[in-house]
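Below, read A as the first sequence line, B as the second, and so on, with proteins coming before strands; counting in each chain starts at 1.
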Protein chains: 2
Amino acid sequence: MKKAADILIDKDLRKTPCRVFVLGEFIRKGNKGISETELENRSKGKFDRVTIYRTLKTFMDADILHKVIDDDNLVKYALCKECEDDHHSHEHVHFKCTSCNTTSCLDEISIVSVDLPKGYKKIEANYLIIGTCPECK
Amino acid sequence: MKKAADILIDKDLRKTPCRVFVLGEFIRKGNKGISETELENRSKGKFDRVTIYRTLKTFMDADILHKVIDDDNLVKYALCKECEDDHHSHEHVHFKCTSCNTTSCLDEISIVSVDLPKGYKKIEANYLIIGTCPECK
DNA sequence: GTTTATGCAAATTCTTTGCAATACT
DNA sequence: AGTATTGCAAAGAATTTGCATAAAC
């Protein structure tokens, strides 16, 4: 598992306290999705909300993070294993737990492709599974 | 294809102009998702925004509509074929076209279930495919 | 010393809530 | 008539933009 500072250097991004903090949070959380609000709370007001939003955007543009589809219209971001190395994939399987409300990126599972009706052309796919996770049994 | 007024009677909902209009729009649009903003524009200010929101909520509670997952955090609602009769299903395959921005409910396709890691329990699933649709070839 | 990121203020969009007036059956 | 729905005003959450200051390289 890479450290935040190293990832920033790799991606040619300036090493700022906010970026190190945000990226560190994602690394610590593993494959769990984190919302901007959570980051704001975790940082205890150390960084401006706007700065966190901009940091998230920077990371998305750099393919470090991707947006996580939530059924309840709540936006989260996640660092996926696949995104860390070079074969960045846009085929994500996300699991949303209705009990603890965490959304995780199930990297182990690959999306089974379906046959689309004539004329449809797939670019990417997101599979969201809603249910209960191991911790909430 | 049922008419709006009949569906309302079936579901024991009062027949009001806003409900008839909104439901009519969904029937006309077929399996395409519609956002609250679109409904507001289409009605040309005839109904209050709040009323449209409440109407959408009423229809969701009555299993007439379901929320459509959009990758770009845009909320749409759709009337699915499966939802019209009694075997209301929550396993939806949605297709979002990056060109015309429409989201449609692909009723013909059923979700292929995946094997979840130990401890995970599925309640429902949403599959969103992003790409180009037949009209935007 | 340049370039880029940050913080603050403020604006926008989406959505919800309370309450009195109105429409539905 | 009695109950449910509507419209208005207003509040709340999430997100974005502009600009001057500050920090990174």
Q: Along DNA chain D, 5' to 3', what are the outermost nucleotides having an atom less than 4.0 Å from a heavy atom of chain A?
A: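 Contact span on the strand: D:dA14 to D:dC25.
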
Q: Taking the six-membered ring for Trp and the single ring otherwise, decide whether the centroids of B:Phe59 and B:Tyr77 are under 6.0 Å apart.
A: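 So the answer is no for these two rings.
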
Q: Considering every strand and a 4.0 Å limit on heavy-atom distances, what is the contact class for B:Lys46: base, sugar-phosphate, or nothing?
A: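 B:Lys46: backbone/sugar contact only, no base atoms under 4.0 Å.
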
Q: Show your reasoning for whether side chain to side chain contact (heavy atoms under 4.5 Å, CB included) applies to A:Cys97 and A:Glu135.
A: CA-CA 10 Å; A:Cys97 178; A:Glu135 287 97 62; over 6 Å; no

Q: Is A:Lys122 atom NZ crowded by more than 12 heavy atoms from other residues, nucleotides or ligands, each under 6.0 Å away?
A: yes

Q: Show your reasoning for whether salt bridge (Lys or Arg N to Asp or Glu O under 4.0 Å) applies to A:Lys2 and A:Asp10.
A: CA-CA 10 Å; A:Lys2 275 181 189 168; A:Asp10 276 10; 3.1 Å; yes

Q: Please compare B:Thr37 and A:Phe47 by the position of their nearest nucleotide in DNA chain C and report the one closer to 5'.
A: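 Final value for this comparison: A:Phe47.
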
Q: Can you name the closest pair of heavy atoms from A:Phe95 and A:Cys133 and give their distance?
A: CE2-N, 3.8 Å

Q: If you pin B:Glu36 and A:Thr58 to their nearest nucleotides in DNA chain C, which one's is more 5'?
A: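 Per heavy-atom nearest nucleotide, the more 5' residue is A:Thr58.
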
Q: Does the side chain of B:Leu116 come within less than 4.5 Å of A:Leu106's, by heavy atoms?
A: yes

Q: Between A:Ile52 and A:Glu40, which heavy-atom pair has the shortest distance, and what is it?
A: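 So the two residues come closest at CD1-CA, 3.7 Å.
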
Q: Go through the steps for B:Lys15 and B:Val20 under the test side chain to side chain contact (heavy atoms under 4.5 Å, CB included), then give the verdict.
A: CA-CA 7 Å; B:Lys15 188 184 147 215; B:Val20 172; 3.7 Å; yes

Q: To the nearest 10°, let me know how far the axis at one end of the helix from C:dG1-D:dC25 to C:dT25-D:dA1 is tilted from the axis at the other, five pairs an end.
A: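 That helix gives 40° between its end axes.
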
Q: Are there over 12 heavy-atom neighbours, none belonging to B:Asn41, within less than 6.0 Å of that residue's CG?
A: yes

Q: Rounded to whole Å, please give me the gap between CG in A:Asp61 and C1' in C:dA5.
A: 14 Å

Q: For A:Arg49, answer base if it contacts any base atom (sugar-phosphate contacts may also be present), sugar-phosphate if it contacts only those atoms, and nothing otherwise; contact means non-hydrogen atoms under 4.0 Å.
A: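 Base contact.
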
Q: Kindly indicate, with the supporting measurements, whether the criterion salt bridge (Lys or Arg N to Asp or Glu O under 4.0 Å) is fulfilled by B:Glu25 and B:Lys29.
A: CA-CA 6 Å; B:Glu25 286 299 304; B:Lys29 276 278 199 169; over 6 Å; no

Q: Spell out protein contact along nucleotides 17-25 of chain C as letters: B when the base is contacted, S when just the sugar-phosphate is, - when no protein heavy atom is under 4.0 Å; keep the 5' to 3' order.
A: BB----BBS

Q: It should be established whether B:Tyr53 places a side-chain nitrogen or oxygen under 4.0 Å from OP1 or OP2 of nucleotide C:dT16.
A: no

